[in-house]
Amino acid sequence: PAELKRESVDITLPEVKTITPLTFTAELLDGDKLVHTETQSWTVFPAISAAQSVPEAINVYDPIGQTTTALEKLGAPIKRLNSLDEPLGKALIIGKNAFSKAIDDKLVDKLRNMVRSGGKILVLEQEKLPEFLLPFSARMKTDGRSAITFARAPEHPALKGIGDDELRWWGDDHLVSRNNFIKPFNGNWMIIVGAGTADGCLETPLFEEYYGDGSFILCQHELVEKADVAPPAALLLKNLLSYLGKSQTFRPLSKSALLA
């Protein structure tokens with residue numbers, strides 16, 4: 001009277017030039033009689049390339065090498081630095097777990113001075129951050145992980161073409177981020193993506209902290225691991241590269257006056 005069967009079906013998806021919504025429908029027949037229908041909404045992504053994302057190669061500090069491999073697969077123009085003692089330029093990517101070994105205070109000051117003078121630093125997935133790297137510290141929740149996250153600044157260039165549907169369920173394990181930050185309570189920052197907890201949406205895997213004329217972009221999304229298996233991860237990484245290549249921050253420094 002009842003039976004459960006799981007069948008694998010190979011489907012050839014169409015090649016598309018833009019993000020394209022599709023509908024997948026499966027029908028169960030008893031002879032010629034339709035007895036059940038399942039319908040799912042799918043999204044098909046075009047091939048994602050970062051080859052034209054930035055006007056010139058972006059410096060990457062990546063002692064482990066995983067980030068370099070992911071960026072090269074995307075076709076991103078990059079220059080790998082052997083040390084943070086080298087010239088940093090105006091845009092820098094700190095690779096996955098590059099801070100697993102401590103860096104000295106002089107290099108921390110160098111990174112902060114770069115940002116203060118108008119540079120941008122994208123810090124990808126880390127297990128810990130150097131103390132005093134950020135002007136206003138952010139606490140990392142090292143046991144946190146998320147399969148569903150939410151766009152909180154949809155107008156930010158990092159989220160071009162990305163909404164809530166693209167920020168959930170990446171890859172076989174469905175995880176999109178680990179070691180989220182607890183949302184800062186002070187400082188000049190913008191939450192780009194939020195993540196929920198049992199007590200509410202109190203965490204963030206992606207935020208930007210402004211300092212002087214530049215900014216730090218902190219990203220705990222699993223971009224390095226999943227850029228080649230989850231198209232939204234590749235798109236988010238591409239967007240972040242494009243943003244690094246722009247001279248101005250999303251929230252530019254402005255002058256204000258207090259009249260008393």
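Start at 1 with the first residue, then count along the sequence. All of these numbers come straight from a predicted model, not from anything done at the bench.
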Under a 3.5 Å cutoff, is there a donor and acceptor pairing between the side chains of Asn59 and Arg80?
no
With a 6.0 Å cut-off (strictly less than), is the heavy-atom count around CD of Glu86, excluding the residue itself, greater than 12?
yes
The criterion is ring-ring contact (aromatic ring centres under 6.0 Å, His included); which residues satisfy it with Tyr61, sequence neighbours excluded?
none
Please find the pair of heavy atoms, one from Thr67 and one from Gly95, that lie closest to each other, and give the distance.
OG1-CA, 3.3 Å
Please name all residues satisfying side chain to side chain contact (heavy atoms under 4.5 Å, CB included) with Ala26, sequence neighbours left out, ordered by chain then number.
Phe24
For Cys201 and Arg152, the nearest pair of non-hydrogen atoms, with its separation, is SG-NH2, 3.6 Å
Under 4.5 Å side-chain heavy-atom separation, chaining through any Ile, Leu, Val, Met, Phe, Trp or Tyr, what else clusters with Phe185? Say none if it is isolated.
none
Heavy-atom count check: over 12 atoms from other residues, nucleotides or ligands less than 6.0 Å from Lys79 NZ?
no
Ignoring hydrogens, what is the shortest heavy-atom contact between Phe150 and Gly196? Give both atom names and the distance.
CE1-N, 4.3 Å
Set out, in order, the CA-CA distance, both residues' side-chain angles and the distance that settles side-chain contact (heavy atoms from CB on, under 4.5 Å) for Val176 and Ile148, then state yes or no.
CA-CA 7 Å; Val176 300; Ile148 300 174; over 6 Å; no
Using every non-hydrogen atom in the two residues, find where Pro130 and Val108 come nearest and quote the distance to one decimal.
CB-CG2, 4.0 Å
Spell out, yes or no, whether Val224 and Phe99 are grouped together once hydrophobic residues are joined by side-chain heavy atoms under 4.5 Å, including indirect joins.
no
For the backbone of Leu84 and the side chain of Lys110, can you confirm whether one donor and one acceptor N or O come within less than 3.5 Å of each other?
yes
Suppose the criterion is salt bridge (Lys or Arg N to Asp or Glu O under 4.0 Å): which pairs have a residue in residues 178-197, not counting sequence neighbours?
Asp173-Arg178, Arg178-Glu222
In Å and rounded to the nearest 0.5 Å, what is the CD to CD distance from Glu125 to Glu225?
7.5 Å
Out of curiosity, does Trp170 fall in the hydrophobic cluster containing Ile192 (side-chain heavy atoms, cut-off under 4.5 Å, transitive links)?
yes
Of the options Thr197, Thr204, Asn180, which is the one that meets Ser146 in a side-chain hydrogen bond (donor to acceptor under 3.5 Å, both in side chains)?
Asn180
Pairwise side-chain contact, Glu203 with Lys141, heavy-atom cut-off 4.5 Å (strictly under):
yes
Can you tell me how far the CD atom of Glu56 sits from the NZ atom of Lys90, to the nearest 0.5 Å?
12.0 Å
Going by atom types only, do Asp62 and Thr68 share a side-chain donor-acceptor pair under 3.5 Å?
yes
Measure the CG-CZ distance between Leu107 and Arg112 for me, rounded to the nearest 0.5 Å.
14.0 Å
With sequence neighbours excluded, tell me which residues meet side chain to side chain contact (heavy atoms under 4.5 Å, CB included) with Lys160.
Asn239
Within the structure provided, determine whether Ile64 and Lys96 are in side-chain contact (heavy-atom separation under 4.5 Å).
no
In this structure, are over 12 heavy atoms from other groups packed under 6.0 Å from Arg145 atom CZ?
no
Considering only heavy atoms from C-beta outward, does the side chain of Leu206 approach that of Ile191 to under 4.5 Å?
no
If hydrophobic clusters are built by linking Ile, Leu, Val, Met, Phe, Trp and Tyr wherever their side-chain heavy atoms come under 4.5 Å apart, do Leu244 and Leu92 end up in the same one?
no
Is the count of non-hydrogen atoms from other residues, nucleotides or ligands lying under 6.0 Å from Asp104 atom CG greater than 12?
yes
So, Glu166 side chain and Gly163 main chain: donor-acceptor pair closer than 3.5 Å or not?
yes
Just by distance, do the side chain of Ser215 and the backbone of Tyr211 share a donor-acceptor pair under 3.5 Å?
no
In sequence, state the C-alpha distance, the side-chain angles, and the governing distance for Val193 and Ile162, and then conclude on side-chain contact (heavy atoms from CB on, under 4.5 Å).
CA-CA 11 Å; Val193 176; Ile162 296 174; over 6 Å; no
How does the hydrophobic cluster around Leu34 look, that is, which other residues are in it when side-chain heavy atoms under 4.5 Å mark a link?
Leu29
Side chains of Tyr243 and Glu208: is there a donor and an acceptor less than 3.5 Å apart?
yes
Besides Leu28, the hydrophobic cluster formed by Ile, Leu, Val, Met, Phe, Trp and Tyr side chains linked at under 4.5 Å, directly or via other members, contains Val35
Restricting to non-hydrogen atoms, name the atom on Ala98 and the atom on Gln126 that form the minimum distance, rounded to 0.1 Å.
N-OE1, 3.2 Å
If you define the side chain from C-beta out and look only at heavy atoms, does anything of Glu155 sit under 4.5 Å from Phe250?
yes
Carefully, step by step, assess Thr43 and Thr20 under the rule side-chain contact (heavy atoms from CB on, under 4.5 Å).
CA-CA 6 Å; Thr43 302; Thr20 304; over 6 Å; no
Quick one: does Leu159's side chain get under 4.5 Å of Leu236's, heavy atoms only?
yes
Donor-acceptor contact present, side-chain Gln40 to main-chain Thr23, <3.5 Å:
no
Option from Leu218, Thr149, Leu167 for which side-chain contact (heavy atoms from CB on, under 4.5 Å) with Pro205 holds:
Thr149
Scanning both residues in full, the closest heavy-atom pair of Leu241 with Ser53 reads CB-CB, 4.4 Å
Run the side chain to side chain contact (heavy atoms under 4.5 Å, CB included) test against Asn186 and tell me which residues pass, sequence neighbours left out.
Phe136
Cluster link Ile94 to Ile58, ILVMFWY, side chain under 4.5 Å
no
Is there side-chain contact between Leu175 and Lys226, with heavy atoms separated by less than 4.5 Å?
yes
Ignoring hydrogens and angles, tell me if any N or O in the side chain of His221 forms a donor-acceptor pair with the backbone of Leu223 under 3.5 Å.
no
Under 3.5 Å donor-acceptor, Ser117 side chain and Asn113 backbone:
yes
Dump the intermediate steps for side-chain contact (heavy atoms from CB on, under 4.5 Å) on Val123 and Cys219, then the final yes or no.
CA-CA 6 Å; Val123 182; Cys219 183; over 6 Å; no
Crowded around Glu15 CD? As in, over 12 foreign heavy atoms under 6.0 Å?
no
Supply the atom-to-atom distance Trp42 CH2 to Leu13 CG, rounded to the nearest 0.5 angstrom.
6.5 Å
Shared-cluster residues of Leu202, by chain and number - hydrophobic side chains joined below 4.5 Å:
none
Going by heavy atoms in the side chains, are Pro21 and Val44 under 4.5 Å from each other?
no
Is any side-chain heavy atom of Leu240 closer than 4.5 Å to a side-chain heavy atom of Ile217?
yes
With Tyr210, which residues qualify under ring-ring contact (aromatic ring centres under 6.0 Å, His included), at least two apart?
none
Using the ring-ring contact (aromatic ring centres under 6.0 Å, His included) criterion, which residues pair with Phe207? Sequence neighbours excluded.
Phe181
Test of understanding: with ring-ring contact (aromatic ring centres under 6.0 Å, His included), list the residues that count as partners of Trp189, not counting sequence neighbours.
none
Is there a continuous path of hydrophobic side-chain contacts, each under 4.5 Å between heavy atoms, that joins Val115 to Met190?
no
